[in-house]
There are 2 protein chains.
Amino acid sequence: MANIRDVADSAGVSVATVSRALQQPERVSPKTRNKVMAAVESVGYKPNLMAVKFRSGKTHNLVVLVPTVANVFFARVISGMQEAAAELGYSILLANTLGNPDIEAHYAKMVSTSQADGLIQLRAQTPLDDSMINDNGLLPMVNACEVIECGKYPVVSLDNRAAANAMTTHLINYGHQRIAMVKGPDSSPLTQDRLLGYQDALAAANIAFDDHLLFPGDFTLQAGYQAGTAISQLPVTQRPTAVFCENDETAIGAMQAFKQAGLNVPNDISVAGFDDIAFSAFCDPPLTTIAQPAEEFGRTAVTLLIDVLNGKIRKAPKVIMPFELITRQSTGPAKHA
Amino acid sequence: MANIRDVADSAGVSVATVSRALQQPERVSPKTRNKVMAAVESVGYKPNLMAVKFRSGKTHNLVVLVPTVANVFFARVISGMQEAAAELGYSILLANTLGNPDIEAHYAKMVSTSQADGLIQLRAQTPLDDSMINDNGLLPMVNACEVIECGKYPVVSLDNRAAANAMTTHLINYGHQRIAMVKGPDSSPLTQDRLLGYQDALAAANIAFDDHLLFPGDFTLQAGYQAGTAISQLPVTQRPTAVFCENDETAIGAMQAFKQAGLNVPNDISVAGFDDIAFSAFCDPPLTTIAQPAEEFGRTAVTLLIDVLNGKIRKAPKVIMPFELITRQSTGPAKHA
DNA sequence: GGTAAAAATGTAATCCGTTACATTTTATAC
DNA sequence: GTATAAAATGTAACGGATTACATTTTTACC
């Protein structure tokens with residue numbers, strides 16, 4: 001592979017001149033510039049950007065820890081990240097961690113070992129073990145979507161509590177009194193916040209909270225299906241008339257279970273989701289859900305991280321993205337006894 | 001950031017000894033080893049892997065050009081790639097190209113500029129412009145999923161023609177005579193191969209091919225919905241009794257349109273997909289489709305590429321992955337006039 | 001033509017691990 | 001104790017681009 005010295009030799013100038021001709025063309029005479037360009041062409045020179053990165057100490061790589069890229073919501077977030085990163089001259093190193101702390105630690109170490117400039121976490125957790133903290137005591141990190149608010153790192157999040165409140169209120173306004181909730185993993189702050197929002201709405205409507213109406217889940221279709229099956233097997237008098245699922249996959253899984261059990265959505269039971277993934281508009285019936293600006297989450301996280309890297313940020317900001325309640329046909333009036 | 005020289009000073013040995021203590025511990029005396037380890041700890045040394053990569057000329061990065069990470073099938077493929085790469089000590093640089101040749105070229109250049117060792121293409125196309133061909137005239141590249149068979153690069157693919165034939169035959173066996181096909185983008189070899197398989201099956205059953213039964217698509221839910229709407233508006237006598245969609249998203253979109261038009265799936269019209277994405281088992285009715293080993297595609301592509309990088313491959317292999325026809329409830333017997 | 005300022009170009013250090021080669025220390029054997 | 005082999009350690013070059021600083025060339029003006 002031809003290097004800058006080959007170009008210099010071929011053009012009959014020094015390596016410094018070649019470098020300048022390529023980086024700051026106005027700094028060399030037009031005649032030299034042409035000679036250099038011709039030499040670049042003739043020897044087939046391609047700069048070794050690894051050398052550039054090594055020397056500059058900036059990799060222009062960002063590591064993103066994704067619990068699972070197979071989650072369509074995350075896929076949208078990643079898509080937004082990738083766009084923003086590309087615009088700003090950065091690359092995304094994607095780590096599919098499967099929630100495994102070892103894998104997370106392995107990828108997070110790419111920052112401390114100078115293979116990446118910064119880190120984006122899509123999962124809430126105390127930031128890794130101490131061994132990967134930088135000199136300044138902090139890792140250049142941004143936390144998005146599922147955030148932990150320790151105040152040390154910028155976060156990009158949604159007011160999950162308010163969103164869950166809005167959705168629960170929507171169901172209450174339809175006359176529902178027995179509203180079940182299919183949760184996400186208990187370890188996730190998302191789960192907690194959405195649960196709180198659900199409780200807020202119940203309290204505001206003077207509906208007693210009943211923890212028999214909480215069903216476990218883990219954001220997968222399968223978990224939704226299981227919860228849906230459990231719900232449909234309840235005696236009619238105990239059965240909720242509406243189910244609020246903490247994400248769309250879960251809601252779609254639950255709807256499937258209801259249909260198989262002969263329950264009509266929304267006539268027998270209303271179902272609501274969270275995320276507004278593409279499939280939600282195309283399931284039967286189309287799903288009422290909370291739309292999150294997923295791509296914007298990604299874009300914002302990347303932008304913030306790059307600001308951190310450029311020292312443009314003093315104290316860790318907390319960006320709250322807007323949500324929108326999307327009313328479709330999976331929710332409707334409660335059938336009163 | 002402490003470097004290896006700081007460690008050497010702190011331990012009172014030379015940098016070579018530090019390097020050996022860390023890379024080949026058996027090459028230094030136990031006493032020295034301990035001194036070095038203690039020094040590493042005390043100065044907080046983290047090797048600059050950028051320097052290592054620069055010196056070795058190997059980045060251990062693989063660029064993957066994905067048309068869109070938002071496609072759930074690709075998400076599964078990426079997941080498999082990421083696993084295999086991690087096991088083999090490589091990282092995945094994900095490029096969401098949106099099918100844009102400029103973006104593709106930009107990321108493909110990461111190989112010629114020494115930022116990545118190799119490239120995986122998930123979209124069939126002549127490999128980029130000549131400017132990024134390496135000295136040997138070839139780019140270290142593997143083509144997966146949607147392949148182009150120029151014989152120069154290893155490919156990992158499915159026998160799409162056979163799979164489409166199998167699915168079409170399945171529909172014919174149910175007594176369907178008028179079978180529509182909702183295609184992918186015409187530019188894609190997948191579309192062509194699946195169309196051929198469809199035609200093979202028709203021919204084998206002595207059913208005349210009718211290009212009025214071909215509907216355009218682009219693998220999105222929306223395209224499926226549009227095709228479904230168009231089909232449902234056909235006069236009953238011209239309406240197909242079965243629709244084979246070239247991917248699951250399209251099939252799900254089409255089913256939605258049929259339901260809205262009052263058509264029952266599969267009683268009025270059978271629908272089949274391709275890919276077996278997670279949602280296909282949870283839609284209503286569950287979708288008959290062709291399962292592809294998506295994660296295995298990814299794993300295989302990565303393994304092959306690393307073999308190429310290690311010079312273990314003489315001539316470009318062509319790996320054909322197996323498929324499986326998954327029969328669910330979206331297809332059924334044709335209602336005969 | 002001469003001088004000073006500006007522009008162009010060149011020289012060489014630098015980033016940080018690795019490793020070939022050189023040198024020193026330790027172990028082994030007589 | 002000495003010679004020899006083996007083990008341990010050290011020295012310094014190397015990879016490729018950038019850039020501070022030094023030097024040369026050009027330009028401008030009296």
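Chain identifiers are assigned alphabetically (A, B, ...) following the order of the sequence lines, protein sequences preceding nucleic acid strands; residue numbering begins at 1 within each chain.
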S.K.: Please write out each protein N/O paired with an N/O of nucleotides 4-11 of chain C under 3.5 Å, distance rounded to 0.1 Å.
M.R.:
unit_1	atom_1	unit_2	atom_2	d
dT9(C)	OP1	S29(A)	OG	3.1
dT9(C)	OP1	T32(A)	OG1	2.1
dT9(C)	OP2	S29(A)	N	3.0
dT9(C)	OP2	T32(A)	OG1	3.2
dG10(C)	OP2	S14(A)	N	2.7
dG10(C)	OP2	S14(A)	OG	3.1
dG10(C)	OP2	T17(A)	OG1	2.7
dG10(C)	N7	R20(A)	NH2	2.8
dG10(C)	O6	R20(A)	NH1	3.2

S.K.: Please report the distance, rounded to the nearest Å, between CD in Q115(A) and C1' in dC16(C).
M.R.: 14 Å

S.K.: Salt-bridged, R76(B) to E295(B), with N to O below 4.0 Å?
M.R.: yes

S.K.: Is the ring pair F54(A)/F54(B) parallel, tilted or perpendicular, if the boundaries are 30 and 60 degrees?
M.R.: parallel

S.K.: If we fit an axis to the first five pairs and another to the last five of the helix from dG1(C)-dC30(D) to dC30(C)-dG1(D), what angle do they make, to the nearest 10°?
M.R.: 40°

S.K.: For K46(A) and S112(B), which heavy atoms make the closest approach, and how far apart are they?
M.R.: CB-O, 3.6 Å

S.K.: Can you find a side chain N or O atom of Y45(A) that sits less than 4.0 Å from OP1 or OP2 on dG16(D)?
M.R.: no

S.K.: Please report the closest heavy-atom contact between Y45(A) and L22(A), naming both atoms and the distance.
M.R.: CE2-CD1, 3.7 Å

S.K.: Let me know the distance between CG of D9(B) and P of dT11(D), rounded to the nearest Å.
M.R.: 11 Å

S.K.: Whole angstroms only, please: what is the CD-P distance between Q23(A) and dT19(D)?
M.R.: 8 Å

S.K.: Please report, rounded to the nearest Å, how far the P atom of dC14(D) is from the CG atom of N48(A).
M.R.: 17 Å

S.K.: Only one of L119(B), V302(B), L93(B), L94(B) forms a side-chain contact (heavy atoms from CB on, under 4.5 Å) with L62(B), so which one is it?
M.R.: V302(B)

S.K.: Which value, rounded to the nearest 0.5 Å, describes the distance between N96(A) atom CG and F74(A) atom CZ?
M.R.: 10.5 Å

S.K.: How close do Y107(A) and Y90(B) get, heavy atom to heavy atom, and via which atoms?
M.R.: OH-O, 4.3 Å

S.K.: Applying side-chain contact (heavy atoms from CB on, under 4.5 Å) between L304(A) and each of V155(A), V319(A), I120(A), L309(A), report the one that passes.
M.R.: V319(A)

S.K.: Rounded to whole angstroms, how far apart are CG on D6(A) and P on dG15(D)?
M.R.: 11 Å

S.K.: CG/N160(A) to CD1/I320(A) distance, rounded to the nearest 0.5 angstrom?
M.R.: 9.0 Å

S.K.: Could you tell me the separation between the CD1 atom of I4(A) and the C1' atom of dT19(D), rounded to a whole number of Å?
M.R.: 11 Å

S.K.: Ignoring hydrogens and angles, answer whether the base of dG16(D) and the side-chain atoms of R55(A) contain a donor-acceptor pair closer than 3.5 Å.
M.R.: no

S.K.: For the pair made of CG in L22(B) and P in dC16(C), what is the distance, rounded to whole Å?
M.R.: 16 Å

S.K.: Is there aromatic stacking of F54(B) on dG16(D) here, judged by a ring-centre distance under 5.5 Å and a plane angle under 30°?
M.R.: no

S.K.: Quickly work out the M50(A) CE to dA17(D) P distance and round it to whole Å.
M.R.: 13 Å

